[in-house]
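The next block holds one structure in the form of structure tokens; read it before the comments.
Residue indices begin at 1 and follow the sequence shown.
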Amino acid sequence: MAASSARVDLDGNTINPFTICMIGAGGFIGSHLCEKLLTETPHTVLAVDVYNDKIKHLLEGPDSLPWAGRIQFHRLNIKNDSRLEGLIKCSDLTVNLAAICTPADYNTRPLDTIYSNFIDALPVYCSENNKRLIHFSTCEVYGKTIGSYLPQDSPLRQDPAYYILKEDTSPCIFGPIEKQRWSYACAKQLIERLIYAEGAENGLEFTIVRPFNWMGPRMDFIPGIDGPSEGFPRVLACFSNNLLRREPLKLVDGGESQRTFVYIKDAIEAVLLMIENPARANGHIFNVGNPNNEVTVRQLAEMMTKVSEKGILGKVCGPH
């Protein structure tokens, strides 16, 4: 649908153009969401981030482009910057994507991880702004299943009651305090609880999104080049990096962990529905993933190795 066409929500109501303050607009998800909003809707985007490399093609295009004048880039860090409050107040909706969210950072920068995902973000979730909020959380708020802590030879590991997580009944089990990688999940879960509390006590209109391994162009990083050299990035970036450098793929615990992957363009379709259907989305948490696209890490490694052997991976990744 062209941006100039009349848009209607899922209940058949006309959607009037509105302004979105998107925090973290220059990241992987933010860049695709900006594209979607500018090319398919009449909405205006106030793009907030420290970097804009991934959205330069949206900012520096000719004036003849249909979205000219509907995106503004504001280079600022949400930490102690009073300008953010002003941008939120002159918007109709706040979308917060800002986060330190790579495993390499959890282990090497746990303080920054906690501050970025909880403390620095607190002003965004203040109900006094009286603005609707879409908050991006993580599937990691679930922690680990009970089955993952059982002995490898325990028959209970095969019992769905122990390896399938249920939203309302499964306990949230995290690793010990000394395992810094859990700083991310704990900070994200606490901010979810704070948002819920703001909604219950102060009437904050919110929607929470939990991405389940979204993948596609502009994602992740190559260690030591555009990300930390210590630790490991997300699994797709880690395996791609190793294959391109002709290095062996390393599996943790035999690669028995499971992942479900979703293409970014499909995931963004769901987010746009949340943005344009507040009556249906407010007060809800959406896990956005594809349970039919689930593999073990070992299976993923085998598939990516086959793709690499055919010479496809280098063509897909291209020069960095």
Handout entry: Pairwise side-chain contact, Gln189 with Phe174, heavy-atom cut-off 4.5 Å (strictly under)
Key = yes

Practice task
Without swapping roles, check the side chain of Asn293 against the backbone of Val262 for a donor-acceptor pair under 3.5 Å.
Solution key: no

Handout entry: CZ/Phe18: more than 12 non-hydrogen atoms of other groups inside 6.0 Å
Key = yes

Practice task
Please test Val95 against Phe136 for side chain to side chain contact (heavy atoms under 4.5 Å, CB included), starting from the C-alpha separation and ending with a verdict.
Solution key: CA-CA 8 Å; Val95 175; Phe136 275 73; 3.8 Å; yes

Exercise for the section: Answer yes or no on whether Arg210 is positioned over the face of Tyr142, meaning its NZ or CZ is under 6.0 Å from the six-membered ring centre and within 45° of the axis. Expected result: yes

Compile the donor-acceptor pairs under 3.5 Å between side chains in residues 176-183 and protein atoms, sequence neighbours left out, one pair per line.
{"residue": "Arg181", "atom": "NH1", "partner": "Glu140", "partner atom": "OE1", "Å": "2.8"}
{"residue": "Ser183", "atom": "OG", "partner": "Gln180", "partner atom": "O", "Å": "2.8"}

Exercise for the section: Check Thr260 against Asn213 and note the closest heavy-atom contact, atom names and distance. Expected result: O-CB, 3.1 Å

Problem - Smallest separation among heavy atoms of Leu58 and Ile71, with atom names - result: O-CG2, 3.9 Å

Handout entry: Heavy-atom neighbours of Tyr162 OH exceed 12 at 6.0 Å
Key = no

Exercise for the section: Could you tell me whether the side chain of Phe239 reaches within less than 4.5 Å of the side chain of Thr305, counting heavy atoms only? Expected result: no

Practice task
Evaluate the criterion side chain to side chain contact (heavy atoms under 4.5 Å, CB included) for residue pair Asp112 and Asp105; output intermediate values, then yes/no.
Solution key: CA-CA 8 Å; Asp112 285 341; Asp105 287 316; over 6 Å; no

Problem - Minimum heavy-atom distance between Leu93 and Ile275, given as atom pair plus value - result: CD2-CG2, 3.8 Å

Practice task
Decide if atom OH of Tyr263 counts as having more than 12 heavy atoms of other residues, nucleotides or ligands within a radius under 6.0 Å.
Solution key: yes

Exercise for the section: Going by the side-chain contact (heavy atoms from CB on, under 4.5 Å) test, name the single residue among Ile23, Val124, Ile191, Val209 that passes it with His135. Expected result: Ile191

Exercise for the section: Give a yes or no on whether Gln299 atom CD has more than 12 heavy-atom contacts from other residues, nucleotides or ligands under 6.0 Å away. Expected result: yes

Handout entry: Closest approach of Ile55 to Ala25 (non-hydrogen atoms, all atoms of both residues)
Key = CG2-O, 3.6 Å

